[in-house]
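Model, not experiment: these values are computed from the prediction.
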Amino acid sequence: MADKKVVAILGATGVVGTQMIQCLEERDFPVERLVPLASARSAGKTVRFNGEDVTVLEATPDAFDGVDIVLGAAGDAQAKELLPEAAARGAVCVDNSHAFRLDADVPLVIPEINPEDIANHPRNIIANPNCATIIGLVPTWPLAQRAGLKRLIVSTYQAASGAGMPGLKELERESRVLAEGGEVGDTAPFAYQLAFNLIPQIGGFKEEAYTSEELKMQNEGRKIMHMPELRVNCTCVRVPVMRSHSESITVEFERPITPDEAREVLSAAPGVKVVDDPANLRYPMPLDTSDQDLVYVGRIRRDLSAPDGVNALTFWCCGDQIRKGAATNAVQIAEHLL
């Protein structure tokens, strides 16, 4: 039995922080004491852990005294301000923000892919990848190990809750207002109405008219898989789904691999469930993949557009971005620290 740890959750009252607490319970993580931390306006609230109410404390540097592991579920600014303070006090921080992901001395980890990188964390900070990156790479990696990886073409269909609690509440509000025949009005945090619509932008526009979310798939994937030259083309779309991201992925391989071989590989891959039976209309969908930790994969087929001599497959995957795409991945990393 691993020694019990004092575990702090930075951003404990948000969507991801709340899920982290649930994951610690579900996975029977050896918690000696839970320290839920949030902004001053949330201090004094309570969270439920192992049948007890635990008071939320204001997130200050002194709140990390005596903490062994920090699970970060806050935004970039708070992460940059507070996690180095926690690390300096001896805590190992597993951070879900964007703040440290591409820093050379901070490992970026999906435990199904590069758990060996966890051991080398000189700053006492380990980064959790972007949710869409995790969901896409968990099934891509075992195929890459079988046939080699040359190129990824990805389209993501990302749920409203990927924008946190404000996104989830806004889609609920818009749907209710429109069902009652009302006017949507202000749509923050989205640029446009999301209900009954799609928004082909997540994040701000960067170089070559790609958004920050789209570039994460390339830049984070290269680091996680230790493939600095990997070619990735990604388009990210916000869709009117409450929970669970979906992705269409075309993979170009170095060596031949058939759809049947891919199904065989994925059926044995950690963190993956194959749901691929078109004859019986069975394929992954957000309603089926929410509130659990596996990435479902289906619609596995040959890429008909690939030129002769090019080995490429297309598949569809769905995963809960709050759980495996954020909270559970962080807790899995923390388990390697025990």
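The CG atom of Leu24 lies 14.0 Å from the NZ atom of Lys5; values are rounded to the nearest 0.5 Å. The distance from atom CG of Leu168 to atom CE of Met242, rounded to the nearest 0.5 Å, is 6.0 Å. Note that the NZ atom of Lys150 and the CZ atom of Phe253 stand 12.0 Å from one another [nearest 0.5 Å].
A donor-acceptor pair is defined here as one N or O able to donate and one able to accept, closer than 3.5 Å; no such pair exists between the side chain of Thr46 and the backbone of Asp53. Checked by atom type and distance alone, the side chain of Asn114 pairs as donor or acceptor with a backbone atom of Leu108 at under 3.5 Å. Glu220 places no side-chain N or O within 3.5 Å of a backbone atom of Met217 that could act as its donor or acceptor partner. Side chain of Ser244 to backbone of Gly319: a donor-acceptor contact under 3.5 angstrom is found. Put simply, the side chain of Asp276 gets close to the backbone of Arg299: a donor and an acceptor are under 3.5 Å apart.
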- [ ] Take Thr258 and Asp260 through the test side-chain hydrogen bond (donor to acceptor under 3.5 Å, both in side chains) and record every step on the way to the result.
- [x] CA-CA 5 Å; Thr258 67; Asp260 283 343; 5.4 Å; no
- [ ] Carefully, step by step, assess Asp293 and Thr328 under the rule side-chain hydrogen bond (donor to acceptor under 3.5 Å, both in side chains).
- [x] CA-CA 7 Å; Asp293 292 323; Thr328 302; 2.7 Å; yes
Task: side-chain hydrogen bond (donor to acceptor under 3.5 Å, both in side chains) between Thr211 and Glu213, intermediate numbers included - done: CA-CA 5 Å; Thr211 68; Glu213 186 81 0; over 6 Å; no
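Checking each of Leu83, Ile333, Ile118, Ile125 against Val94 for a side chain to side chain contact (heavy atoms under 4.5 Å, CB included) leaves exactly one that passes, namely Ile333.
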